[in-house]
2 protein chains.
Amino acid sequence: MPGTKHQVPSTKTVAIIGLGLIGGSLALSLRQRGLAQQFVGVEHSAEHARRALELGLVDAIETDLTAAVRWADLVVVAVPMDAMLTVLPAVLDAVESHQVVFDVGSTKGALLAAVAGHPRRGRFVAVHPMAGTEYSGPDAAIQGLFDGKTVVLCDTERSDADAVATVTTLFQALPMRLLYLDAAAHDLHTAYVSHISHITSFALALTVLEKEKEEQRIFDLAGGGFASTVRLAKSSPAMWVPIFRQNRLNVLDVLDEHLHQLQHLRELLAREDYDGLTEQIQQANHIRKIIP
Amino acid sequence: MPGTKHQVPSTKTVAIIGLGLIGGSLALSLRQRGLAQQFVGVEHSAEHARRALELGLVDAIETDLTAAVRWADLVVVAVPMDAMLTVLPAVLDAVESHQVVFDVGSTKGALLAAVAGHPRRGRFVAVHPMAGTEYSGPDAAIQGLFDGKTVVLCDTERSDADAVATVTTLFQALPMRLLYLDAAAHDLHTAYVSHISHITSFALALTVLEKEKEEQRIFDLAGGGFASTVRLAKSSPAMWVPIFRQNRLNVLDVLDEHLHQLQHLRELLAREDYDGLTEQIQQANHIRKIIP
């Protein structure tokens with residue numbers, strides 16, 4: 001095992017593969033906290049690469065993935081989940097035994113299966129910072145996005161101890177709250193708590209756009225409540241379709257429960273069972289105790 | 001017609017019937033803007049009445065509705081929609097021809113029908129400020145809740161011109177953006193833009209509470225996305241059941257469309273039609289242009 005790397009600041013050079021909301025925000029946060037000194041970006045959109053440089057997210061752009069990986073102490077893979085399945089193995093192909101790689105992907109099962117037999121699997125730590133906004137691309141990057149949020153580390157027993165230590169130290173210093181889950185539990189819980197919110201928000205936007213033909217009325221009448229429930233519907237399909245695809249069975253399962261709950265509320269209202277409706281809303285209010 | 005009352009400040013004394021989130025916030029805002037000087041509250045919960053006094057929402061509590069109404073230049077009725085159907089006629093019974101009354105209710109059809117033949121109908125202006133939070137009671141009252149939001153005035157041709165002028169001047173000075181709709185259009189559009197958001201949020205909370213048995217996991221994994229979509233599920237049944245009841249047909253109609261949209265997304269995912277899912281999400285993204 002290489003020497004311990006969990007002193008802060010432990011990392012000098014970072015390659016960020018994918019300069020969108022998460023990759024860009026992570027670069028800003030690591031730099032601002034003094035956790036890394038030099039940043040190189042790899043980004044397949046020339047326009048995004050140009051903006052990332054302008055915004056100071058990275059110090060340089062490298063078009064050759066292997067060159068960028070070889071240069072860095074730490075490699076962050078922050079591409080959409082479909083690209084992740086090919087980019088992460090390519091990164092691991094280039095990595096040497098002193099380097100550390102982590103992803104920031106929203107699903108884990110398919111990704112961890114894709115790299116399970118890789119000779120450099122131990123250098124990779126599976127990471128999911130539970131933070132984001134409805135915006136995407138380098139212009140969406142914001143410093144402080146991760147402060148105080150939860151970061152999930154998955155199947156850490158498959159990673160080398162020093163790689164886990166490096167990643168742990170880094171996220172503790174951001175600071176984030178660390179949570180350890182296996183990949184299957186991660187995909188199940190995130191379907192329940194995160195992915196379903198996006199499905200309901202997309203469906204709500206489609207509903208309102210279908211029913212309310214006068215767009216000016218939506219604008220006029222949208223209070224804070226509507227705005228907050230429909231906010232996630234601004235999220236990009238390029239990010240979310242691959243997530244739904246890779247977590248399809250869990251998402252379908254929670255979506256069926258959601259349809260069942262909505263049907264139940266509909267039936268109570270249709271048959272004018274207002275006591276039943278009150279009881280269901282009181283039940284829903286229980287979320288107050290969990291999300292203050 | 002009495003003398004014009006649309007100079008600001010035009011109102012000296014205000015009776016607030018119902019000292020919850022909206023009534024309390026309105027008292028705070030009118031006072032802070034210098035739009036009224038003295039406030040008396042009528043509140044059937046002794047505990048809420050005591051808190052409203054402690055918080056300085058009103059200067060005095062009056063237990064006799066008629067006495068409070070007779071004392072005031074302006075009467076604001078801010079009780080839940082079920083109570084509204086009996087409290088507003090009682091207020092109009094006590095009102096004299098120089099006074100102005102407005103409600104702040106979320107539905108209008110049933111309420112305007114309930115007072116259509118009242119001899120003092122002209123003194124009443126139907127008002128819906130499109131602002132709120134998921135909290136209720138006097139402790140939820142906040143100054144500035146209405147700033148820059150939309151306020152809907154309904155069926156103003158049924159109100160005396162001077163009463164409409166007084167209310168218009170008051171809300172313009174808060175300041176709010178005024179929108180004039182008939183009651184039927186109001187109830188239709190608010191079902192589309194506001195009421196459905198609450199139904200989806202209640203159903204989302206019920207879904208997550210049903211599927212996710214480990215409450216600590218919800219707390220750990222809830223990012224900003226989940227928190228914002230589930231926020232409205234904290235809203236009280238005492239406020240919302242009467243709204244759903246009085247706007248039942250419109251709410252059922254938009255709820256059926258929402259179920260249809262969700263079923264469609266489910267089918268696309270179930271049959272792995274990712275191009276179709278992408279197309280639907282791009283369609284939902286159109287909400288960006290309306291809600292910036």
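Order of the sequence lines fixes the chain letters, A, B, ..., with proteins taken first and strands second; residue numbering starts at 1 for each chain.
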[options]: which one forms the most heavy-atom pairs within less than 4.5 Å of chain B?
| options | answer |
| --- | --- |
| Arg245(A), His260(A), Glu210(A), Gln283(A) | Arg245(A) |
| Arg177(A), Lys234(A), Glu279(A), Gln282(A) | Lys234(A) |
| Glu272(A), Gln216(A), Gln280(A), Gln263(A) | Glu272(A) |

Treating Lys149(A) as the side-chain partner and Leu221(B) as the backbone partner, does any N or O pair qualify as donor plus acceptor under 3.5 Å?
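No, Lys149(A) side chain to Leu221(B) backbone: no donor-acceptor pair under 3.5 Å.
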So, does Asn285(A) use its side chain to make a donor-acceptor pair with the main chain of Ser235(B) at under 3.5 Å?
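At least one qualifying donor-acceptor pair exists.
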Tell me yes or no: between the side chains of Ser197(A) and Thr229(B), is some donor less than 3.5 Å from an acceptor?
yes
With no hydrogens and no angle check, just 3.5 Å: does a side-chain donor-acceptor pair link His286(A) and Glu215(B)?
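Indeed, the side chains of His286(A) and Glu215(B) share at least one donor-acceptor pair under 3.5 Å.
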Do [X] and [Y] make a side-chain contact, defined as non-hydrogen atoms from C-beta onward lying under 4.5 Å apart?
| X | Y | answer |
| --- | --- | --- |
| Leu206(B) | His264(A) | no |
| Leu188(B) | Lys211(A) | no |
| Leu269(A) | Arg248(B) | yes |

Relative to chain A, which segment of Ile218(B) carries a heavy atom at a distance below 4.5 Å: side chain, backbone, both, or neither?
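Both parts, backbone and side chain.
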Rounded to the nearest 0.5 Å, the CZ atom of Arg217(B) sits from the OG1 atom of Thr150(A) at a distance of 10.0 Å
